[in-house]
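Quick caveat: nothing in here was measured; it's all calculated off a predicted structure.
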Amino acid sequence: MIWMNILVFSDPKGGGGGGGTKVGVKSESGGGMMENIAEAKKVVHVGVILDVNSPVGSVANACISMAISDFYGAHPNFRTRLSPHHRNSDDALAAAFTALELIDKEEVDAIIGPQTSKQARFVIDVGRKAQVPVISYSATSPSLSITQNPFFVRVALDDSTQAKVITAIVQAFEWHEVILIYEDTEYGSDLIPYLAYEFQQVDIRVSSRFSFSPNDSKLRILKKLNKVMAMQTRVIVVHMSSSFGSKLFFLAKDVAMISEGYVWIITDGLSRLLDPMGVKAFGSMQGVLGIRPYIPQSKGLKNFKRKWQSRIHSSSTKLNIFGYWAYDTIWALAKAVEMIPQESSSVNGENHHRNTSQFPVIKVSKRGKMILNGLLKTKFKGLSGDFSLVGGQLQSLTFEIINVIDNEEKVIGYWTLENGLTRKPDKAKMENQCPNMNLNHLYGQETRKTNPEDPYTKEFIITGFSHDVFEEALALLSFPVPRKLIPFPIGPNGGTYDELLSNVKNQTYDAAVGEITILANRSQHVDFTLPYLQSDVSMVVKSKDDERNNMWIFLKPLSWDLWLTTGVAFVCTGEKIINNLSKFVLIIWIFVVLILTQSYTASLASMLTVQRLEPTIIDIDELKMNGDFVGYETGSFVKDLLVKQLDFDESKLRDHGTAEEFDKALSKGSQNGGVGAIFGARHCVNLFLAKYCDKYMIVGPTYNTDGLGFAFPRGSPLVPVISRAILSVIENKSKMDAMEHKYFSHLKACQTTISSSSLGLYSFGGLFIITAVASVSSLIIYFTKFLQSHWTTIHTVHHDSSFWSKISELGKHFYDQSLYPLPATNSTLQSVEALHDVENEGVDTVVIVGNVSSSTL
């Protein structure tokens with residue numbers, strides 16, 4: 001047996017009278033060109049249109065030559081031989097004329113190429129007229145319809161197949177908004193409707209679309225990138241060719257868009273050619289995610305790569321998937337040609353008439369349709385995997401997901417039509433989780449956080465209940481959210497909450513975190529998350545002094561009319577019992593007195609043992625009637641509520657920034673330069689009362705709000721995911737209790753229950769005063785009467801004694817309760833005279849009759 005190698009001599013420029021490629025047969029025995037054997041093989045002429053100056057064209061050109069050599073080396077007994085006629089073309093119109101020239105002069109029965117979708121559109125029309133199959137391994141635009149162009153065969157994947165893959169990635173990371181950047185060509189714009197449709201199916205919003213023309217200057221590209229930077233969305237999907245895409249990423253890196261905070265996802269137009277673009281391109285694409293068709297490893301692929309390195313191709317020429325598809329195209333075409341019956345004519349049929357003033361006459365191929373049918377039936381194991389054309393184009397059920405890390409591409413996951421995202425191409429679907437991807441690299445570098453304990457840091461230390469809730473919510477997300485916390489002071493020396501939200505609206509800030517009340521007018525400018533804390537507006541006023549400090553508290557249990565009625569009843573009822581009716585009345589009265597006594601006791605006990613706070617002002621009507629000043633928190637929305645809803649005069653409003661300022665203003669009162677009441681959100685009021693509950697209290701109705709939330713620009717994709725995370729945080733009772741204990745445990749609760757303190761003297765001072773007054777008054781009256789009744793007697797009996805002797809004698813009588821007659825009657829005077837006579841006679845003992853008791857003189 002004589003072994004033969006087919007030698008292919010390629011003329012990239014298509015020059016030479018032989019149509020660009022010569023096919024000969026060389027004998028291994030060294031017998032020269034065996035023309036007789038070559039003539040025994042049926043030669044099928046094939047046109048090849050490509051751009052040899054591009055990475056795709058140069059690799060495809062080499063792979064086509066290797067494919068012809070390898071195929072006929074593996075199938076030496078085949079009766080047919082492919083004779084490729086190479087043409088170089090980088091223009092759509094030139095590609096069409098080249099196809100006409102190949103059909104007319106070289107009488108080709110099939111055309112491989114052209115390279116771009118724009119070129120393919122012209123060449124397909126020529127192939128349809130000539131009934132010559134146009135087989136493209138790189139024209140991937142979905143607008144090239146297989147059904148409308150029956151002689152078009154795509155040995156590649158339709159770009160629309162990757163729309164589901166990209167959507168699955170965005171959905172898996174719970175990104176809800178994307179920006180589309182695409183090349184303003186037929187290749188670039190044709191995929192966009194498919195992406196938009198797939199995103200819409202899973203509620204992912206396309207916030208903006210930016211088209212970049214390959215003819216755009218550097219300055220124009222930078223201007224468009226600045227517009228992208230001004231957008232709130234940071235997830236960017238790029239669909240471009242490799243040459244223009246690499247230029248875009250170089251400029252994006254220059255403006256710091258390839259960095260933390262951005263997510264870049266590239267379609268297979270760029271990711272299939274990452275390696276051929278070189279290290280420089282890798283350096284500008286750090287952290288970029290990409291997808292591309294999965295090429296399973298096989299023995300044939302390994303052998304091919306080894307031969308590629310060992311032959312004339314330098315190590316700098318990198319293989320790509322288009323080379324594999326071009327290689328498989330030759331094998332499929334060679335198999336299809338072999339299926340043509342031997343008796344079929346190789347001479348082209350009648351011409352397809354056209355306007356000869358514009359185009360040459362198109363010859364109709366006799367074998368083109370048979371070759372097409374053979375291609376559609378061909379199945380084999382190729383370099384790119386299982387070769388099978390379904391509906392006139394290659395099918396692939398698996399994509400691999402790559403991530404550019406440290407100047408190289410790393411496969412981090414897979415997607416299959418059956419299982420979706422997987423960690424390995426043959427593994428089942430992952431439930432509720434993303435592939436094992438290093439998300440830090442999606443942002444160009446790892447997320448850095450400032451250590452709040454570092455004494456040398458220049459960063460602000462941000463703490464607080466709102467901040468902790470926000471951080472807990474972010475921790476529950478399935479993707480990282482890089483952030484830089486910037487303090488925004490609220491108060492006299494800072495801004496207002498509305499100014500803060502205005503900065504969020506114009507995207508000076510990406511979000512606002514704090515005690516921000518959700519209001520209808522604010523929601524017209526920003527989007528709020530679900531509330532993490534319920535709140536409303538309340539009025540706080542000064543409370544009256546504790547009743548227990550009132551010395552007349554014992555009179556409080558009964559009203560004045562009840563006291564008066566009871567007193568009159570006592571006088572009228574009396575106690576003298578005359579008959580049975582008197583007894584009946586007395587029994588009823590005793591029953592009434594018993595009830596009054598018990599009620600009085602209970603009411604007085606309650607007043608003395610329970611702290612009762614009463615407001616100095618009852619409601620806002622009293623505030624307005626008194627013309628009192630009203631306080632509110634500086635920068636708060638409460639000012640608008642007071643003016644627009646509660647109709648307060650703005651001149652009566654006073655703003656304060658701290659709890660101490662509120663305390664000082666309320667303590668002074670409206671008449672002394674302070675305020676009569678303050679209005680504030682419930683969470684602020686509770687904190688204030690926790691510190692000053694013994695002095696102030698909440699009165700009047702509350703005015704509802706929608707609670708406290710975090711603010712984002714309108715349409716932000718973070719709002720729904722953070723809202724769901726907030727719900728999870730709120731429902732986690734242990735976590736919420738821990739945060740509340742951290743920030744609010746040091747605040748004392750307002751004491752409104754029974755006091756344990758002892759009752760003081762002052763509480764019963766009124767009773768002691770009444771007792772003292774009654775006692776002193778009785779004593780004065782009694783002593784006055786005593787003096788009136790005894791002074792005359794003492795003076796008469798002891799008229800010769802000194803004044804102090806008389807006082808001493810009066811004291812003895814008062815002490816001994818001597819019962820001298822009160823009025824000085826005649827009998828008394830006679831007794832005194834008798835006493836005087838007896839004394840003169842020396843009688844030791846006398847008896848004084850009447851009201852004078854016996855005495856020893």
Side-chain angles (χ1 to χ4, degrees), residues 462 464-467 469-470 486-505 509 511-526 528-529 531-542 617 620 623-624 628-666 670 674-692 696-711 743-744 747:
I462 309 296
F465 180 77
S466 300
H467 169 264
V469 172
F470 183 71
I486 303 174
F488 187 91
I490 301 290
N493 298 324
T496 65
Y497 284 100
D498 288 337
E499 290 174 356
L500 172 61
L501 296 180
S502 177
N503 286 328
V504 175
K505 176 186 176 182
Y509 302 135
V513 176
E515 300 169 359
I516 306 171
T517 304
I518 301 173
L519 299 173
N521 62 329
R522 290 177 174 179
S523 65
Q524 296 176 2
H525 308 291
V526 297
F528 287 98
T529 62
Y532 63 88
L533 190 65
Q534 296 299 325
S535 185
D536 50 40
V537 177
S538 303
M539 181 173 77
V540 177
V541 299
K542 188 177 181 181
I617 296 174
I620 61 173
L623 280 174
K624 294 178 181 178
D628 289 336
F629 291 100
V630 175
Y632 67 93
E633 183 183 3
T634 303
S636 171
F637 74 97
V638 176
K639 178 181 179 181
D640 289 338
L641 182 142
L642 293 173
V643 174
K644 297 179 180 179
Q645 296 187 31
L646 302 182
D647 297 326
F648 276 98
D649 187 347
E650 191 170 349
S651 63
K652 293 292 184 180
L653 304 184
R654 299 289 184 268
D655 64 318
H656 300 284
T658 65
E660 290 73 17
E661 291 178 5
F662 278 124
D663 174 48
K664 183 178 180 181
L666 281 172
S670 184
V675 296
I678 61 172
F679 287 80
R682 175 59 68 91
H683 63 281
C684 297
V685 168
N686 288 342
L687 294 176
F688 175 74
L689 290 181
K691 189 174 183 180
Y692 300 106
Y696 311 108
M697 61 186 302
I698 297 176
V699 296
T702 58
Y703 306 92
N704 293 331
T705 67
D706 291 326
L708 306 181
F710 306 129
Y743 292 104
F744 308 131
L747 300 176

I'd like to check the side-chain hydrogen bond (donor to acceptor under 3.5 Å, both in side chains) partners of Asp649; sequence neighbours left out, ordered by chain and number.
Ser651

Tyr532: what forms a ring pair (Phe, Tyr, Trp, His ring centres under 6.0 Å) with it, not counting sequence neighbours?
Phe710

If you look at every heavy atom in Val685 and Gly680, which pair is closest and at what distance?
CG2-O, 3.5 Å

Report the residues that fulfil side-chain contact (heavy atoms from CB on, under 4.5 Å) with Asn704, sequence neighbours left out, ordered by chain and then residue number.
Asp536, Thr702

Gap between atom CG of Leu519 and atom NE2 of His525 - 0.5 Å precision:
11.0 Å

Looking at Ala512 and Leu501, what are the two nearest heavy atoms and their distance?
CB-CD2, 4.4 Å

Which heavy atom of Gly676 sits nearest a heavy atom of Ser670, and at what distance?
N-CB, 3.8 Å

Just to verify, what does Phe688 make a ring pair (Phe, Tyr, Trp, His ring centres under 6.0 Å) with, not counting sequence neighbours?
Tyr692, Tyr696

Residues at least two apart in sequence or cross-chain that pass side-chain hydrogen bond (donor to acceptor under 3.5 Å, both in side chains) with Glu660, listed by chain then number, are Lys691

Nearest atoms (heavy-atom pairs only) where Ser466 meets Val513
O-CG1, 4.0 Å

Show every salt bridge (charged side-chain N to carboxylate O under 4.0 Å, His left out) that has at least one partner inside residues 488-503, sequence neighbours left out.
Asp498-Arg522

Over all atoms of both residues, closest heavy-atom pair of Phe662 and Glu633
CZ-N, 3.7 Å

From Ile518 atom CD1 to Phe528 atom CZ, the distance as rounded to the nearest 0.5 Å
6.0 Å

With Arg654 via side-chain contact (heavy atoms from CB on, under 4.5 Å) - residues at least two apart
Phe629, His656, Val675

Could I get the full list of side-chain contact (heavy atoms from CB on, under 4.5 Å) partners for His467, not counting sequence neighbours?
Ile462, Glu471, Leu485

Applying side-chain contact (heavy atoms from CB on, under 4.5 Å), name anything that partners Ile617, two or more places apart in sequence or on another chain.
Val541, Glu622, Leu623, Asp628

Kindly determine whether Val537 and Tyr632 satisfy side chain to side chain contact (heavy atoms under 4.5 Å, CB included), including the steps that lead there.
CA-CA 10 Å; Val537 177; Tyr632 67 93; over 6 Å; no

dist Leu533:CG -> Leu708:CG (nearest 0.5 Å) comes out at 5.0 Å

With sequence neighbours excluded, tell me which residues meet salt bridge (Lys or Arg N to Asp or Glu O under 4.0 Å) with Lys639.
Glu650

Between Ile490 and Thr496, does a side chain to side chain contact (heavy atoms under 4.5 Å, CB included) hold up when you go through it step by step?
CA-CA 5 Å; Ile490 301 290; Thr496 65; 5.5 Å; no

Exactly one of Leu642, Leu646, Ile620, Ile678 should register a side chain to side chain contact (heavy atoms under 4.5 Å, CB included) with Val630. Which one does?
Leu642

Going by side-chain hydrogen bond (donor to acceptor under 3.5 Å, both in side chains), name the residues that satisfy it together with Thr705, two or more places apart in sequence or in a different chain.
none

side-chain hydrogen bond (donor to acceptor under 3.5 Å, both in side chains) against Ser636, all qualifying residues, sequence neighbours excluded
none

Indicate yes or no: at least one non-hydrogen side-chain atom of Leu500 is less than 4.5 angstrom from one of Ile516.
yes

With a sphere of 6.0 Å drawn around NZ of Lys624, does it hold more than 12 non-hydrogen atoms of other residues, nucleotides or ligands?
yes

Answer whether the closest heavy-atom distance between the side chains of Phe465 and Glu515 falls below 4.5 Å.
no

